[in-house]
Novice: 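Have a look at this one.
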There are 2 protein chains.
Amino acid sequence: MRIAIDGMGGDNAPQEIVKGCVEAARIIDDDIYIVGMEDAVRRELKTYRSVPGNIKIVNATQVITGEDAPVKAVRSKKDSSLVKAISLVREGMCDAVISAGNTGALMAGSLFILGRIKGIERPAIGTVYPQADGTPTFLVDAGANAECKPSHLVQFATMGSIYMEKVLRVENPSVGLVNIGTEEHKGTAVLKETYKLLKDSSLNFCGNVEARDIPYHPADVFVCDGFTGNNILKLTEGLAQRYFGLLYDMFQQNLITKMSAVGVMNQLRELKSLMDYSEYGAAPLLGIKGVVLKMHGSSKSNAVRNAIIKGRTYVEENVVDIISRNVDQYEKNASDESKIGADADKKEE
Amino acid sequence: MRIAIDGMGGDNAPQEIVKGCVEAARIIDDDIYIVGMEDAVRRELKTYRSVPGNIKIVNATQVITGEDAPVKAVRSKKDSSLVKAISLVREGMCDAVISAGNTGALMAGSLFILGRIKGIERPAIGTVYPQADGTPTFLVDAGANAECKPSHLVQFATMGSIYMEKVLRVENPSVGLVNIGTEEHKGTAVLKETYKLLKDSSLNFCGNVEARDIPYHPADVFVCDGFTGNNILKLTEGLAQRYFGLLYDMFQQNLITKMSAVGVMNQLRELKSLMDYSEYGAAPLLGIKGVVLKMHGSSKSNAVRNAIIKGRTYVEENVVDIISRNVDQYEKNASDESKIGADADKKEE
């Protein structure tokens, strides 16, 4: 297997990206193509006593930053690390591409270069939502589509279920629709219609899920529009950080509290690691005709290493093919597909 | 001042409601009208050695439950505690009404019986979002309107700012728009338009606020549609409960962790009380022509007591009048007001 990495994407590129690649290359045999400014990548590689032979470099003279407008950047920076890394998949040179860079640009570039799976109206970002019980749950959409139609949400549910089953190894995963009440008639018109469609589908639909219950693992796959999903992820991240910060301050107050901290140190560390989503690898861009994975912008080498190693399962299990075969039932929506695609492109500019 | 309480609303009615009324009546001189089934209320009152003279009872033979469809319940249960309590305000017998009952029914009943403030298209639920820094922030809408137009959101911002200033005593409160990015061009079409309107308004608008930052007090008033607001509140509640539960389990593991718990007991208790929204009283139904306050369905006597005591400020500061005078700038939206009102009523059925 050959995996392309955007060597210049993210807050800690290229240093942490290269480090993660070297770590991964020492564990797996697959070829890892670091795409980026050759000088900068080589400089990083020189800091290691030995560089594994399965690390390859592909030169790219441009960089897309977090501030760049996605569609414009993808069109104008043809020799950027992000565009070239995606192109390696298109050309059949690589089986997967991973980036910690500009999310919008990664989505736009993947749409332009790799295209959508037939029958999927809108690709979505799926992401692991860690649970304190130690088993992952999965949230789609995490932020690609602020507004969604019922058919989009049903497709997210289908793709999420397949990913959950094949990559995260949860059999017959249950699907919950994020809503402001558990009753069928709750929420917006879009959600009421989605509820009906999910109930009639062959998915393991378990009804509406309230945000209050999300930390208690009420379903394996949480389905929502990208606005809601992004809010849920960010609020969870913000609150976890805030609480751990307060806890830290609490334990630092005086000699007695400091001694108390020592007594629960292991438990605290274990709790923190349970909530660490970087353990589960990167977030797939579901619905793209190819394996594209997005890492958090602030990813460190361990997240990069995990993204590469876990990304292999996504390729090996042929998730893209399975999604293609399973959206056939939504073919009726495919007629206005091209129009919707055009709208989406315009919107991203 | 005279305050009407729905004696039968909420999970712990009438016991905890009556208890909270008795506690409040011992602190303040105002008359407290408990509206409910007279026998049941009297039975509760009999458990106290002495009942303060400012406790009054108004009989109501019906009860609206949490399962009742709001509009239907309000129309068919004319002699319910909820409807009668609101009517006491309409008749000038009381200055405020407080309920822990069916939120939709309280909103529908208030709309039918008291009406909307002229110029306000949609009343909204405002609620305190407690911050670990010990000062409250305020979130509008907490769940009354799942979908909103930009003018609705601007009105929520205006009402929230006035409530924050007059009742929660925060001078020139800053207003943040909840969005999935801080840049002006982020989010849905509705949010982009709202951003422009808020920027041009006389409010102390500080831009978009991401959910990640909400626990760090980035603004005093958070504005969003009721779907987003409800999700934020419930997820915050769920995560806080989950984390405190995990912490509790962690401290219970063995003798060493139990000893550690003793060392930080006071700090933990302080932290928990900082996050307790019941300290700040009940949530106002902003935009209703009258003082209507909603308590959490699971309210205990201390929440009831606080709701009554804090509710007095809402009346004393003439918040309803101030809102009436300050929405004049949105008069241009008032032309299609009746149509929108009709839509809303239809929707609630």
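Within every chain, numbering begins at 1; the chains are lettered A, B, ... in the order of the sequence lines, protein sequences first and strands thereafter. The model shown is predicted, which means the values in this text are computed figures rather than measured ones. Side chains included, hydrogens not; waters and symmetry mates left out as well; all remaining heavy atoms used.
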Novice: Could you look at Asn231(B) and say if it's the side chain, the backbone, both or neither that has a heavy atom under 4.5 Å from chain A?
Specialist: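 Answer is both: backbone and side chain atoms of Asn231(B) are under 4.5 Å from chain A.
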
Novice: With a 6.0 Å cut-off (strictly less than), is the heavy-atom count around CD of Glu270(B), excluding the residue itself, greater than 12?
Specialist: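 Open: at most 12 neighbouring heavy atoms sit under 6.0 Å from CD of Glu270(B).
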
Novice: Determine the minimum heavy-atom distance between Tyr216(A) and Gln241(B), stating which atoms define it.
Specialist: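 Scanning both residues completely, I find the closest heavy atoms to be OH-OE1, 3.1 Å.
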
Novice: Using non-hydrogen atoms only, which part of Val262(A) is less than 4.5 Å away from chain B: side chain, backbone, both, or neither?
Specialist: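 Neither part; nothing is under 4.5 Å.
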
Novice: For Leu233(A), which atoms come within 4.5 Å of any heavy atom of chain B: side chain, backbone, both, or neither?
Specialist: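 Neither part.
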
Novice: Could you check which of Ile214(B), Thr236(B), Val178(B) has the highest count of heavy-atom pairs closer than 4.5 Å to chain A?
Specialist: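 The option with the most such pairs is Thr236(B).
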
Novice: For chain B, find which of Arg242(A), Lys258(A), Gln267(A), Glu210(A) contributes the most heavy-atom pairs closer than 4.5 angstrom.
Specialist: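 With the most close heavy-atom pairs to chain B, the winner is Arg242(A).
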
Novice: Give, as side chain, backbone, both or neither, the part of Leu246(A) having an atom under 4.5 angstrom from any heavy atom of chain B.
Specialist: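 Side chain of Leu246(A) only, per the 4.5 Å heavy-atom cut-off to chain B.
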
Novice: In terms of heavy-atom proximity below 4.5 Å to chain B, should Ile180(A) be classed as side chain, backbone, both, or neither?
Specialist: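 When you check distances to chain B, atoms from both the backbone and side chain of Ile180(A) fall under 4.5 Å.
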
Novice: Measuring heavy-atom distances to chain A, does Thr188(B) have an atom under 4.5 Å in its side chain, in its backbone, in both, or in neither?
Specialist: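 Both backbone and side chain.
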
Novice: To check you understand the geometry: which heavy-atom pair defines the closest contact between Leu235(A) and Ala211(B), and what is its length?
Specialist: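 For Leu235(A) and Ala211(B), the tightest heavy-atom pair comes out as CD1-O, 3.4 Å.
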
Novice: Knowing that exactly one of Thr257(B), Val264(B), Ile256(B) qualifies, which makes a side chain to side chain contact (heavy atoms under 4.5 Å, CB included) with Ser260(A)?
Specialist: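 Single pass found, and it is Val264(B).
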
Novice: Please look at Ile232(B) and chain A and tell me whether the side chain, the backbone, both or neither of the residue comes under 4.5 angstrom of a heavy atom of that chain.
Specialist: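 It is both, since atoms from each part get that close.
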
Novice: At a 4.5 Å cut-off on heavy atoms, which part of Leu271(B) comes close to chain A: side chain, backbone, both, or neither?
Specialist: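 Answer is side chain: those atoms of Leu271(B) sit under 4.5 Å from chain A.
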
Novice: Mind ranking Ala261(B), Ala240(B), Pro215(B), Gly263(B) by heavy-atom pairs under 4.5 Å with chain A and telling me who comes out on top?
Specialist: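 Top option by heavy-atom pairs under 4.5 Å: Pro215(B).
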
Novice: For chain A, find its close neighbours in residues 247-254 of chain B: heavy-atom separation under 4.5 Å, sorted by number, or none.
Specialist: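 If one takes a 4.5 Å heavy-atom cut-off, the residues of residues 247-254 of chain B near chain A are Leu247(B), Met250(B), Phe251(B), Gln253(B), Asn254(B).
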
Novice: Where does Tyr243(A) contact chain B at under 4.5 Å (heavy atoms): side chain, backbone, both or neither?
Specialist: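 Contact with chain B involves the side chain of Tyr243(A) alone.
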
